[in-house]
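Scroll down for the structure; my scribbles are underneath it.
Throughout, residue positions are numbered sequentially from 1 according to the sequence presented. Please read these numbers as outputs of a predicted model, since none were measured by experiment.
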Amino acid sequence: MDKKKVLVIGSGGREHAIVEALSRSPRVEKIYCAPGNAGIAALAECLPIGVGEVDRLADFAAENGVDLTVVGPEAALAAGVVDTFMSRGLKIVGPTKSATRIESSKEFAKELMAKYNVPTAAYRVFEDFNEALAYVKSRPLPAVIKYDGLAAGKGVVVAENYDEAEAALRDMLLDESFGKGRVVVEDFLAGPEFSFLCLVSGEKVYPLELSQDHKRAFDGDKGPNTGGMGAYSPVPFIPEVVREEALEKIMKPVAKALVKEGAPFCGVLYGGLILTADGPKVIEFNARFGDPETEVVLPRLASDIYSFFEAVTEGADFTPEWNERPMLGIVLASKGYPGSYRKGVEIKGLDKVKSRVFHMGTTEKEGKLLTAGGRVLMVVGEGDTLAEARENALKDIALIDCPELFHRSDIGRQAILP
């Protein structure tokens with residue numbers, strides 16, 4: 001068998017999960033990761049190349065005979081890494097800069113959905129603070145306010161009162177916390193949320209297993225929004241008939257719409273969906289693997305992921321097989337996250353942990369493992385049930401010694417009865 005070399009771009013838990021899945025492939029001989037992290041280093045050769053250094057990444061892939069590159073973070077996609085690789089005839093899994101607009105511009109995504117009748121919340125777009133505030137005050141609460149651009153998963157506020165709405169609009173439009181831009185104000189949708197990741201090749205859509213993310217920092221879904229404090233898969237309260245409806249009425253039509261708009265999508269289309277009384281609707285789209293959903297979905301993949309990625313780049317048929325056992329992952333974050341936090345705090349006890357551990361923000365210095373980010377580790381428990389998977393994850397978290405880390409204990413709360 002011709003053994004393959006793969007490059008993974010990124011440095012977080014999502015990339016660690018991709019690398020771990022690739023390490024299980026009998027077809028893969030060598031994995032590179034740019035820039036990687038302390039956990040990824042055990043499975044791949046980490047490269048001192050930033051995710052936005054697209055020419056250096058392409059040079060490395062060409063000079064080292066890399067057979068396939070997989071893009072993790074949105075920053076690399078927004079920098080046009082896929083366009084650069086494609087222009088040089090290098091095989092890569094990820095959407096072009098044009099197709100990435102499904103994530104990088106909320107306005108583009110909403111206009112696309114309106115044009116092609118994809119179910120989502122009604123919306124208006126604003127540049128002016130006073131106009132936006134007047135509109136919000138004329139509407140029922142809660143109000144959903146989204147920054148129209150990339151904001152690392154944090155540019156969305158569900159305002160329960162007008163003071164919160166005003167603060168969010170001030171933050172996004174006047175203080176320009178995420179940069180100069182516009183906001184999308186949406187009607188609030190009620191119902192359970194779920195994440196539907198699909199690999200896409202033009203009009204061909206390959207669905208992955210469903211998962212659910214937890215954005216709020218603290219137990220009971222309290223506190224500020226984060227990049228995600230944990231996730232689990234499968235999602236027992238989303239029946240197969242709803243998944244099928246979401247596939248046929250949302251994911252496939254959007255893939256076809258992007259082709260019609262001259263921006264065909266190749267890579268991971270992430271549907272952040274909600275099950276309303278009227279059926280599944282779109283909250284948002286991302287143009288890459290979700291983080292932390294990837295860390296609970298890919299460990300359930302029983303098929304060879306290299307063959308899966310290869311099929312996507314070629315538009316070939318592929319039906320993935322899945323492990324039925326539930327996975328539940330809990331994020332260990334630095335105290336203070338998503339605000340300011342300390343870095344460089346030593347982490348001990350990982351050698352005692354039996355569950356999968358994905359590194360999200362770590363570094364190694366003089367033989368010591370240190371914190372290096374807001375979200376630091378994700379412990380993924382496995383079990384016969386989601387309750388058992390959570391119990392296993394929490395048992396292992398108790399063995400990890402780092403005073404600067406905190407975590408939620410109620411991941412899976414909507415799916416696990418008390």
task = Sorted by first residue and then second, give each ring pair (Phe, Tyr, Trp, His ring centres under 6.0 Å) pair with at least one member in residues 92-129; sequence neighbours left out.
result =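 Sorted pair list: Phe126-Tyr135.
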
Mind listing the closest non-hydrogen atom pair of [X] and [Y] along with its distance?
X: Val331; Y: Gly230; result: CG2-N, 3.8 Å
X: Gly381; Y: Ala393; result: N-CB, 3.8 Å
X: Gly227; Y: Tyr337; result: N-OH, 2.9 Å
X: Lys335; Y: Leu405; result: CE-O, 3.9 Å
X: Val51; Y: Ala76; result: O-CB, 3.4 Å
X: Leu298; Y: Arg24; result: O-NH2, 3.2 Å

Partners of [X] by side chain to side chain donor-acceptor pair (under 3.5 Å), sequence neighbours excluded?
X: Ser195; answer: Tyr270, Glu293
X: Lys146; answer: Glu186
X: Glu382; answer: Arg325, Arg356

query = Who are the side chain to side chain contact (heavy atoms under 4.5 Å, CB included) partners of Thr96, not counting sequence neighbours?
reply =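 For Thr96 the side chain to side chain contact (heavy atoms under 4.5 Å, CB included) partners, ignoring immediate neighbours, are Val82, Asp83, Met86, Ser98, Ala99.
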
task = With sequence neighbours left out, write down each residue that passes side chain to side chain contact (heavy atoms under 4.5 Å, CB included) with Pro119, or none if nothing qualifies.
result = Ile250, Lys281

request  = Check the pair Asp304 / Ser25 against side chain to side chain donor-acceptor pair (under 3.5 Å), numbers first and verdict last.
outcome  = CA-CA 5 Å; Asp304 172 23; Ser25 169; 2.6 Å; yes

task = Please work out whether the ring planes of Phe406 and Phe218 are parallel, tilted or perpendicular, with thresholds of 30° and 60°.
result = tilted

query = Angle class for the Phe358/His16 ring planes (parallel below 30°, perpendicular above 60°, tilted otherwise)?
reply =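 Taking His16 first and then Phe358, their aromatic rings stand perpendicular (interplane angle over 60°).
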
Test item: [X] side-chain N/O and [Y] main-chain N/O as donor-acceptor pair under 3.5 Å:
X: Ser87; Y: Thr84; value: yes
X: Glu321; Y: Ser303; value: no
X: Arg288; Y: Gly72; value: no
X: Arg124; Y: Val185; value: no

Does any donor atom in the side chain of [X] or [Y] lie under 3.5 Å from an acceptor atom in the other side chain?
X: Lys110; Y: Thr120; result: yes
X: Thr226; Y: Arg216; result: no
X: Asp219; Y: Ser409; result: yes

Atom pair [atom1] ([X]) and [atom2] ([Y]), whose distance is rounded to the nearest 0.5 Å:
X: Ser105; Y: Phe285; atom1: OG; atom2: CZ; value: 13.5 Å
X: Lys215; Y: Asn225; atom1: NZ; atom2: CG; value: 7.5 Å
X: Asp384; Y: Glu388; atom1: CG; atom2: CD; value: 4.5 Å
X: Met378; Y: Met229; atom1: CE; atom2: CE; value: 10.5 Å
X: Leu269; Y: Leu208; atom1: CG; atom2: CG; value: 10.5 Å
X: Leu7; Y: Ile49; atom1: CG; atom2: CD1; value: 7.5 Å

Charged N to carboxylate O under 4.0 angstrom, [X] versus [Y]?
X: Arg408; Y: Asp221; result: yes
X: Lys204; Y: Asp317; result: yes
X: Arg390; Y: Asp410; result: no
X: Lys115; Y: Glu111; result: no
X: Asp187; Y: Arg139; result: yes

key: Trace of the side chain to side chain donor-acceptor pair (under 3.5 Å) decision for Thr69 with Lys91   = CA-CA 6 Å; Thr69 297; Lys91 197 177 277 191; over 6 Å; no

task = Please report the C-alpha distance between Arg342 and Thr371 in whole Å, then the side-chain angles of each, then the deciding distance to 0.1 Å, and finally whether the side chain to side chain donor-acceptor pair (under 3.5 Å) criterion is met.
result = CA-CA 8 Å; Arg342 284 175 65 195; Thr371 64; over 6 Å; no

request  = Given side-chain contact (heavy atoms from CB on, under 4.5 Å), test Thr294 with Asp291 step by step and report yes or no.
outcome  = CA-CA 6 Å; Thr294 305; Asp291 192 352; 5.5 Å; no

inquiry  = Among Glu176, Glu107, Glu131, exactly one meets salt bridge (charged side-chain N to carboxylate O under 4.0 Å, His left out) together with Arg182. Which residue is that?
reply    = Glu107

request  = For this output row, return yes or no: ring centroids of Tyr206 and Phe318 closer than 6.0 angstrom.
outcome  =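 Aromatic pair excluded; centres sit 6.0 Å or further apart.
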
